[in-house]
Amino acid sequence: MRVVVSSLLGLSLLCSTAWAVETVPAPAVAPAAQATTATPPPPPHTIPANKPGTLAVSATINPNGQPQEAKPLTIEQLAKNKALQDAKVKAMVKDQSVRLQQLEKANLEALAQNQELQLKNDSLGVQVQVLQSERSAQMFLYGGTTLGVGVILGFLLASYVYTKRRRQW
């Protein structure tokens, strides 16, 4: 309780020193937009000092695009706005952490799938090498068989020709 009271007292002293300095706020609206408002802005030398507990806000634009009157914001409203902004920030942080967890989960799944596909690729590479070596062995056998058949046919033809010449003598 003591900390709260001292904080409020310090805040009020800080705010009172800020109100002691009289400044002229810059117009936030274009001159064409000021001409459409019902009340013209007061001259710079007649701006009243702010009341304690309120802050002046420059003209704002409503959702329809039309300027609105300047409304003073109380400390409670400022605190409420700050709390809303803090809640939004916390919600964004929570949303980002949820997204981060989802991305980490998806990343782990993708890594597992990648590893599985690499193993499958290695297995298929080995199968391709086995099939290629089997194919080359098969071609070697076909070549050897063809050569053997050619040699046998050569001997048969040579012996047939040789016996035919002998008969002729």
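All values below come from the heavy atoms of this structure, side chains included, with hydrogens, waters and symmetry mates left out. Worth saying up front: this structure is predicted, and the values here are computed from it rather than measured.
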Enquirer: May I ask you to decide whether Arg99 forms a salt bridge with Asp95, counting only side-chain N to carboxylate O separations under 4.0 Å?
Expert: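 Judged by the 4.0 Å cut-off on N to carboxylate O distance, Arg99 and Asp95 do form a salt bridge.
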Enquirer: If you link ILVMFWY side chains whenever their heavy atoms are less than 4.5 Å apart, which other residues fall into the same cluster as Leu156? By chain and number, please.
Expert: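 For the cluster that includes Leu156, the remaining residues are Ile152.
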Enquirer: Ignoring hydrogens and angles, write down the donor-acceptor pairs under 3.5 Å from the side chains of residues 105-125, residues two or more places apart or on other chains.
Expert:
none

Enquirer: Return the set of residues passing side-chain contact (heavy atoms from CB on, under 4.5 Å) with Gln138 (not counting sequence neighbours), or none when no residue passes.
Expert: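 side-chain contact (heavy atoms from CB on, under 4.5 Å) list for Gln138, sorted by chain: Arg135, Tyr142.
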Enquirer: Gln77 side chain to Thr74 main-chain N or O, any donor-acceptor pair under 3.5 Å?
Expert: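 Confirmed, Gln77 side chain pairs with Thr74 backbone.
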Enquirer: When Ile, Leu, Val, Met, Phe, Trp and Tyr are grouped by side-chain heavy atoms lying under 4.5 Å apart, directly or through other members, which residues fall in the same group as Leu153?
Expert: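 In the cluster with Leu153 are Val149.
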Enquirer: What residues form a side-chain contact (heavy atoms from CB on, under 4.5 Å) with Glu134, not counting sequence neighbours?
Expert: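 Once residues adjacent in sequence are excluded, the partners of Glu134 under the side-chain contact (heavy atoms from CB on, under 4.5 Å) criterion are Val130, Leu131.
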Enquirer: Other than Val93, what residues sit in its cluster of Ile, Leu, Val, Met, Phe, Trp and Tyr side chains whose heavy atoms are under 4.5 Å apart, directly or through others?
Expert: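 Same cluster as Val93: Val89.
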Enquirer: With a cut-off of 6.0 Å (strictly less than), are more than 12 heavy atoms of other residues, nucleotides or ligands near CE of Met92?
Expert: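 It does not: Met92 CE has 12 such atoms or fewer within range.
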